[in-house]
Amino acid sequence: MQETKFNIYGEMFHSNGYSRMDVLSYIAPTQEEAIANCKRNNPGFHIMSIWIDESKPEVVKLQPLR
(Lines give C-alpha, C1' and ligand atoms only; values in the text may rest on other atoms or scores of the structure.)
Protein backbone atom coordinates (compact mmCIF):
# COMPACT_ATOMS: atom_id res chain seq x y z
CA MET A 1 0.00 0.00 0.00
CA GLN A 2 1.39 3.40 -0.99
CA GLU A 3 0.79 6.41 1.22
CA THR A 4 0.67 9.96 -0.06
CA LYS A 5 1.28 13.28 1.66
CA PHE A 6 -1.78 15.54 1.48
CA ASN A 7 -1.75 19.26 2.29
CA ILE A 8 -5.06 20.52 3.66
CA TYR A 9 -5.71 24.27 3.61
CA GLY A 10 -8.33 25.86 5.81
CA GLU A 11 -9.18 28.09 8.74
CA MET A 12 -8.73 27.04 12.37
CA PHE A 13 -11.35 28.41 14.78
CA HIS A 14 -10.41 28.54 18.47
CA SER A 15 -12.78 28.66 21.47
CA ASN A 16 -11.62 32.18 22.39
CA GLY A 17 -12.85 33.55 19.03
CA TYR A 18 -9.40 33.66 17.43
CA SER A 19 -9.06 32.18 13.95
CA ARG A 20 -6.20 31.78 11.49
CA MET A 21 -5.53 30.31 8.07
CA ASP A 22 -3.22 27.29 8.05
CA VAL A 23 -2.01 24.29 6.03
CA LEU A 24 -1.97 20.92 7.76
CA SER A 25 -0.22 17.90 6.24
CA TYR A 26 -1.30 14.28 6.60
CA ILE A 27 0.16 11.07 5.21
CA ALA A 28 -2.58 8.63 4.23
CA PRO A 29 -3.42 6.07 1.52
CA THR A 30 -6.39 8.14 0.23
CA GLN A 31 -7.62 11.72 0.25
CA GLU A 32 -10.74 10.67 2.17
CA GLU A 33 -8.64 9.15 4.97
CA ALA A 34 -6.48 12.28 5.18
CA ILE A 35 -9.62 14.42 5.53
CA ALA A 36 -11.05 12.04 8.17
CA ASN A 37 -7.80 12.20 10.18
CA CYS A 38 -7.77 16.00 9.93
CA LYS A 39 -11.38 16.29 11.14
CA ARG A 40 -10.76 13.84 14.00
CA ASN A 41 -7.56 15.57 15.18
CA ASN A 42 -8.70 19.18 14.58
CA PRO A 43 -12.50 19.50 14.95
CA GLY A 44 -12.32 23.33 14.77
CA PHE A 45 -10.56 23.30 11.38
CA HIS A 46 -12.73 24.34 8.41
CA ILE A 47 -11.27 22.66 5.27
CA MET A 48 -11.19 24.80 2.13
CA SER A 49 -8.95 22.79 -0.22
CA ILE A 50 -6.68 19.77 -0.38
CA TRP A 51 -3.82 18.81 -2.70
CA ILE A 52 -1.07 16.23 -3.00
CA ASP A 53 2.36 17.42 -1.86
CA GLU A 54 4.83 16.32 -4.53
CA SER A 55 7.86 18.10 -3.09
CA LYS A 56 11.07 16.14 -2.63
CA PRO A 57 12.16 15.48 0.96
CA GLU A 58 15.13 17.49 2.15
CA VAL A 59 18.26 15.40 2.63
CA VAL A 60 20.46 16.52 5.50
CA LYS A 61 24.14 15.69 5.06
CA LEU A 62 26.12 15.00 8.20
CA GLN A 63 29.27 17.04 8.66
CA PRO A 64 32.20 15.92 10.76
CA LEU A 65 32.92 17.76 14.00
CA ARG A 66 36.23 19.59 14.07
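In this text, all values refer to a predicted model and were calculated from it rather than measured experimentally.
- Atoms CG and CD, on Asn37 and Glu32 in that order, are 11.5 Å from each other to the nearest 0.5 Å.
- The side-chain heavy atoms of Trp51 and Tyr9, taken from C-beta on, include a pair separated by under 4.5 Å.
- Residue Phe45 shares its hydrophobic cluster (ILVMFWY side chains chained together at separations under 4.5 Å) with Phe6, Ile8, Met12, Leu24, Tyr26, Ile35, Ile47, Ile50, Ile52.
- Here the side chain of Asn42 pairs no donor or acceptor atom with the backbone of Gly44 at under 3.5 angstrom.
- Atom OG of residue Ser55 and atom CG of residue Asn7 lie 7.5 Å apart, to the nearest 0.5 angstrom.
- Here OG1 of Thr4 is found 10.5 Å from CD of Glu33. Values are rounded to the nearest 0.5 Å.
- Across every non-hydrogen atom of Ala28 and Ala34, the tightest pair is CB-N, 3.7 Å.
- Met48 has its side chain within reach of Glu11: a pair of non-hydrogen atoms, C-beta onward, lies under 4.5 Å apart.
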